[in-house]
Amino acid sequence: MKLKQLEGLLGDLQQFSNPKVELEQYPTGPHIASRMLFTAENSFGDVGDRVVADFGCGCGTLGIAAALLGAEHVVGIDVDSQSLEIASANAEELEVELNLVQCDLRNLDFRGQIVDTVVMNPPFGTRKKGADMEFLRVALAVASQAVYSLHKTSTREHVKRAALRDFNAGSAEVLCELRYDVPHMYKFHKKREVDIAVDLWRFVPRGA
Ligand SMILES: C[S@@+](CC[C@H](N)C(=O)[O-])C[C@H]1O[C@@H](n2cnc3c(N)ncnc32)[C@H](O)[C@@H]1O
């Protein structure tokens, strides 16, 4: 599938109908989501025929992109049941299979399960300090092949140090810097839309 086609399909997905600020529910837009998964597949072969998990899947955009690019099996995990309902409707609409699990990532027990690749747009930790690092810790414990994740560019050094020193990553590479559009979703938002600089990371677990 071509990049533009993927972006077009993701652009039609339903987004959070009742976003919960404490869970940092911001949609991963079709521009970023398509480039993230397209790069994972076309530059590294980490999606096609792989078992892919979408952590904090929300409305399912990243997991659905993985399925459209030929993942063997996709699991979407989120703590919020309303988001999972939307993800399920989105998957049905595009006729792809997503296995959806409601779970707090911090309590995830993946022992014995095979996951090749984790893709995620974690909470950036704006509401709950360290939430992004919790996601990364679990992702690197679960993935056998690679982890693709978005983090604020302002946290680049911190993310790298934690991944390599504390979370057992063998490598941590920023693939590109992107602009993340945060739409006006919450009452406290003053502007119609802001964009923030985010890094698209690829982490490889040690020994992979
Ligand atoms: C930035 S949004 C990701 C959006 C998603 N990629 C999409 O396109 O809809 C972060 C997601 O993480 C979920 N989340 C936050 N804390 C969580 C936790 N502890 N365990 C599991 N999911 C969590 C939120 O419900 C939200 O859907």
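Order of appearance sets the numbers: ligands from 1, and atoms from 1 within every ligand. Below, each value reflects all heavy atoms present in this structure, side chains not excepted, and no hydrogens, waters or symmetry copies.
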Atom indices of ligand 1 within 4.0 angstrom of [X] heavy atoms, with elements:
X: Tyr26; value: 1 (C), 2 (S), 3 (C), 4 (C)
X: Val79; value: 17 (C), 20 (N), 21 (C), 22 (N), 23 (C)
X: Gly58; value: 9 (O), 27 (O)

Can any side-chain N or O of [X] pair as donor or acceptor with the backbone N or O of [Y] at less than 3.5 Å?
X: Gln102; Y: Ile77; answer: no
X: Asn90; Y: Cys59; answer: yes
X: Ser88; Y: Leu84; answer: no

Judging by distance only, is a nitrogen or oxygen of [X] under 3.5 angstrom from one on ligand 1?
X: Phe16; result: no
X: Thr28; result: yes
X: Tyr180; result: no
X: Gln15; result: no
X: Ser83; result: no
X: Cys59; result: yes
X: Pro27; result: no

Run down the list Asn90, Asp132, Asp104, Asp78 and name the one with the heavy atom closest to atom 25 (O) of ligand 1.
-> Asp78

Of Leu105, Leu23, Val138, the one whose closest heavy atom lies nearest atom 16 (N) of ligand 1 is Leu23

Can you find a non-hydrogen atom of Cys103 under 4.0 Å from ligand 1?
-> yes

Is ligand 1 less than 4.0 angstrom away from at least one heavy atom of Phe124?
-> no

Just by distance, no angles: are the side chains of [X] and [Y] close enough, under 3.5 Å, to form a donor-acceptor pair?
X: Asn121; Y: Tyr180; value: yes
X: Asp199; Y: Thr153; value: yes
X: Gln82; Y: Asn18; value: yes

Does [atom1] in [X] sit with more than 12 non-hydrogen atoms of other residues, nucleotides or ligands closer than 6.0 Å?
X: Glu93; atom1: CD; answer: no
X: Glu92; atom1: CD; answer: no
X: Glu97; atom1: CD; answer: no

Give me the one residue out of Asp116, Asn99, Ile114 that meets side chain to side chain contact (heavy atoms under 4.5 Å, CB included) with His73.
-> Asn99

Contact region, Glu24 to ligand 1, non-hydrogen atoms below 4.0 Å, reads backbone

Checking heavy atoms under 4.0 Å, the part of Cys57 that sits near ligand 1 is backbone

Any Ser17 side-chain heavy atom under 4.5 Å of Ile86 side chain = yes

Atom 14 (N) of ligand 1 [closest protein heavy-atom partner, distance rounded to 0.1 Å] | Phe135 CZ, 3.9 Å

Name the closest protein heavy atom to atom 11 (C) of ligand 1, giving the residue it belongs to and the distance to 0.1 Å.
-> Gly56 O, 3.4 Å

